[in-house]
> 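One structure is given below, represented as structure tokens, and several questions about it will come after.
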Protein chains: 2
Amino acid sequence: MASRPSARSRATVNDVASAARVSRQTVSNALMHPERVRPETLRRVHAEIERLGYSPSTAASSLRQQRAGAVGMELTGLGSQSLSDALAPFLVSLTICAPTHECHIVTFGSDQDGPTLERYREMWRGRLVDAFVIMDTHHGDPRPTWLADQGIPFASFGRVWDEPAFTAWADVDGRAGTDTAVEHLVSEGYGPIGYLGWPYGSLVGDERREGWAIATARHGRGDLTLQAISNQVLPEAIDAAGQLVDRVGTGGAIVCASDLLALAVHHVLLTRGLRPGRDVGIVGFDGSQSALAHGLTSVAQPFRAIADELLTQVHDQLTSAPQRTSGVMLTPTLVHRSSSHRRPTAPATHHQEKS
Amino acid sequence: MASRPSARSRATVNDVASAARVSRQTVSNALMHPERVRPETLRRVHAEIERLGYSPSTAASSLRQQRAGAVGMELTGLGSQSLSDALAPFLVSLTICAPTHECHIVTFGSDQDGPTLERYREMWRGRLVDAFVIMDTHHGDPRPTWLADQGIPFASFGRVWDEPAFTAWADVDGRAGTDTAVEHLVSEGYGPIGYLGWPYGSLVGDERREGWAIATARHGRGDLTLQAISNQVLPEAIDAAGQLVDRVGTGGAIVCASDLLALAVHHVLLTRGLRPGRDVGIVGFDGSQSALAHGLTSVAQPFRAIADELLTQVHDQLTSAPQRTSGVMLTPTLVHRSSSHRRPTAPATHHQEKS
DNA sequence: CTGAAAGCGCTTACAG
DNA sequence: CTGAAAGCGCTTACAG
């Protein structure tokens, strides 16, 4: 009686409906509004759905519901030389969180550095996506303003400095991160605690420095001369690290604005025959793969929580639910590794929430 | 006369059609089969398309054409601890190539390591994607067999060892890569050229070792004792590298099966006060970010060419075009950096094709 | 070269 | 609680 779909083509609502001896609207109700369907009918419908391996066609329901069910994410740093360290783990988190928010992630990008907005426009014009998640915004970044002007829903990983009124963002509390790092180093018994950071004027960088300054002051160790500065480039960082290691000395420790800077400190220690952790403590920032590979303690970004928050924010925009009145700062987590343990028997890698 | 769409809602074929005073089929033809439309009409239609910012609805054309226009890509290594180094650059390449192949990339993944096939099934059931690209296949990997059994189109970055009959793959010619590395080191004037590789039995690893063995033999320097072995873990690699550096000595060089192993050699040199490049040459494999950060010469995988090839392969499967009768091996490229230059003035980073 | 019609598969008011 | 109808926006045979 029930006509089975051919082996090649997929089951549709109609197939399920006739197999379950109900109309196709009932099948749709069973899926979208189960409370409207009598329990016994519901069971029968679900049994057939299962048996036929039915799943609504994404294209058809997108068309009907006027939403793609997708969020776009630009893959930046396309020379493949300068991929942001955070990009891959953040994208993974976003991807894993997406089903929870009834969507999936579509990636896009282009070769040229120039017309970045063009790709956003293309994605949007065909409504391949309902919204965007952006990251790595900077002063003069055209994207936030343009997206906002077009009325395109989006949320940003990182504050949007140019548009203080824009509140759909989540960011990492850098101050809390370096503060935690200092607390940890103090409790491990290190003496002078220096800081290797980026040049003044970067908002993220200044915040991270501030956490170090505040925490060291709190322990009566505030010493702003125990500071060195470098851009995010290894050779320059090695120079700066060398000078800082001189000043901090054996028994001291260094908090860094990034894992790359931490790597520079690590490098300097090795060339001088000093043992990271045992002789000089190091804490990096970002929780990157290279910190892992080199056994560097690092302040890890809470990518999962950020992804979850941002998808919630775009979802709220799409449903015109009440919006947040301000962005969200999330507290990073210190990942302990051997570079910040004075005793040789470093504990196994584990995570520890900041209290 | 022409009714303009409301500011809020998008332009549709109908809007363009009435604005251009043609039927909506003509608009569709202008886009899909321009040769069927009189030039003047074509121009008028395109002008309106431009003016209205029209772009066909992805959902509608997916439904009509019975294809999602999307390729799924699993994001593996989800502890965010073990993301394959190759994942991010490969995904970027795939994403950038996708528009050329009239598709876009949808990512997916799950937390648990267990039911990986379940996520593939979900993506496929709703036809969120038309095909998959997979990578990092291994012996006993359930994915290739399952996908093939289901008749789901897919292509693999890396040979599919378990299914020799399966030819939709592209891989990197590891033998050619290490061969090129040896040639380069010889021409730079290094003496003994050793190899730090993975344990025997890994097909990828054995191939890379073979390239080194063949090329050194060709130069009358075959010496299989100049070899050390380590798994892909830094501490173990450092031990192995230490022994190998002893045997190779100053003026020698070491080719490595991966950038992580190369990093271990680098580390050993620094702790001994030796200068990478100047005193001992190093060449890594993979062209990863960390090779870049540490100035390591590396055999870089041709991600772009691989992505392009794989998308061509799935496209051919979807259109039942003639399929390849065998997989494709692509030649990697040596990226020169200071770790393989004996003279202190290393040239700026540049790429160089293997001849 | 152009136009009227059918239908991809779904969901949602709207009657019963 | 269930059923017949309409329509999301597109594309493709099929007539003119």
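Chain letters run A, B, ... following the sequence lines, proteins first, then strands; residues in each count from 1. No hydrogens, no waters, no symmetry mates; every other heavy atom, side chains included, goes into these values.
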> Does the side chain of A:Ser23 get closer than 4.0 angstrom to OP1 or OP2 of D:dG3 through an N or O atom?
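It does, given that an N or O in the side chain of A:Ser23 lies less than 4.0 Å from OP1 or OP2 of D:dG3.
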
> Using the six-membered ring wherever Trp is involved, compare the ring planes of B:Phe166 and B:Phe154 and label them parallel, tilted or perpendicular (cut-offs 30° and 60°).
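Ring orientation, 0 to 90° scale: parallel.
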
> Where does the angle between the aromatic ring planes of A:Trp161 and A:His139 fall among parallel (under 30°), tilted (30 to 60°) and perpendicular (over 60°)?
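If you compare the ring of A:Trp161 with that of A:His139, the planes turn out tilted.
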
> Of all the nucleotides listed (D:dT12, D:dG3, D:dC10), which has the minimum atom distance to the side chain of B:Pro56?
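In terms of side-chain proximity for B:Pro56, the closest of D:dT12, D:dG3, D:dC10 is D:dC10.
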
> If you check every side-chain atom of A:Gln65, which of D:dG9, C:dT12, C:dC10 has the closest atom?
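Closest of the options to the side chain of A:Gln65: C:dT12.
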
> Please evaluate residues B:Thr116 and B:Glu74 with respect to the criterion side-chain hydrogen bond (donor to acceptor under 3.5 Å, both in side chains), reporting the C-alpha separation (whole Å), side-chain torsions for both, the decisive distance (0.1 Å), and the verdict.
CA-CA 9 Å; B:Thr116 168; B:Glu74 185 187 15; 3.0 Å; yes

> Kindly assign one of parallel, tilted or perpendicular to the pair B:Phe303 and B:Phe90, based on the angle between their ring planes and the thresholds 30° and 60°.
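Taking B:Phe90 first and then B:Phe303, their aromatic rings sit tilted (interplane angle of 30° to 60°).
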
> Could you give the CG-to-P distance, from A:Leu31 to C:dG9, as a whole number of Å?
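Between P of C:dG9 and CG of A:Leu31: 16 Å.
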
> Which base sits across from C:dA13 as a Watson-Crick or G-U pair, both distances under 3.5 Å?
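For C:dA13, the partner nucleotide comes out as none, under the 3.5 Å rule.
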
> Could you check which of D:dC10, C:dC10, D:dT12 has an atom nearest any side-chain atom of A:Ser61?
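Of the candidates, C:dC10 comes closest.
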
> Less than 4.0 angstrom between a side-chain N/O of B:His33 and OP1 or OP2 of C:dC1, yes or no?
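Negative; the distance criterion is not met.
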
> Does C:dT2 have its OP1 or OP2 closer than 4.0 Å to a side-chain nitrogen or oxygen of B:Arg36?
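No, no such contact exists.
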
> Let me know, please, whether B:Thr26 or B:Leu63 comes out on the 5' side of the other along DNA chain C by nearest nucleotide.
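Final value for this comparison: B:Thr26.
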
> State the pairing partner of C:dA4; accept Watson-Crick or G-U wobble contacts with both distances under 3.5 Å, and report none otherwise.
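Its partner is none (no Watson-Crick or G-U wobble pair with both distances under 3.5 Å).
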
> For B:Ala60 and for B:Asn29, find the nucleotide of DNA chain C with the closest heavy atom, then tell me which residue's nucleotide is more 5'.
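Result: B:Asn29.
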
> On the nucleotide D:dC10, are OP1 or OP2 found under 4.0 Å from the side-chain N or O atoms that B:Arg24 carries?
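Answer is no, no contact under 4.0 Å.
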
> In whole angstrom, what separates A:Tyr54's OH from C:dG9's C1'?
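So the two atoms are 7 Å apart, to the nearest Å.
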
> Begin from the C-alpha positions of B:Val45 and B:Val37 and carry the test side-chain contact (heavy atoms from CB on, under 4.5 Å) through to its verdict.
CA-CA 10 Å; B:Val45 170; B:Val37 182; 5.6 Å; no

> Rounded to the Å, how far apart are B:Asn14 CG and C:dA4 P?
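Atom-to-atom, B:Asn14 to C:dA4, this comes out as 12 Å.
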
> Using a cut-off of strictly less than 4.0 Å, decide whether A:Gln66 has a side-chain nitrogen or oxygen near OP1 or OP2 of D:dG7.
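So the side-chain polar atoms of A:Gln66 never come under 4.0 Å of the phosphate oxygens OP1 or OP2 of D:dG7.
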
> Starting at atom CD of B:Glu35, determine the distance to atom C1' of C:dC1, rounded to an integer number of angstrom.
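Going from B:Glu35 (CD) to C:dC1 (C1'), I get 12 Å.
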
> Please report the distance, rounded to the nearest Å, between CZ in B:Arg125 and C1' in C:dG9.
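After rounding, the gap between these two atoms is 16 Å.
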
> When you measure from the side chain of B:Gln25, which nucleotide among D:dG3, D:dT12, D:dC10 comes out closest?
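Closest of the options to the side chain of B:Gln25: D:dT12.
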
> For A:Glu40, report the nucleic acid contact type (base, sugar-phosphate, nothing); a contact means any heavy atom under 4.0 Å.
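Counting heavy atoms under 4.0 Å across all strands, no contact is made by A:Glu40.
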
> Return the nearest nucleotide to the side chain of A:Thr41; candidates are D:dT2, D:dG9, C:dC10.
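Nucleotide nearest to A:Thr41's side chain: D:dT2.
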
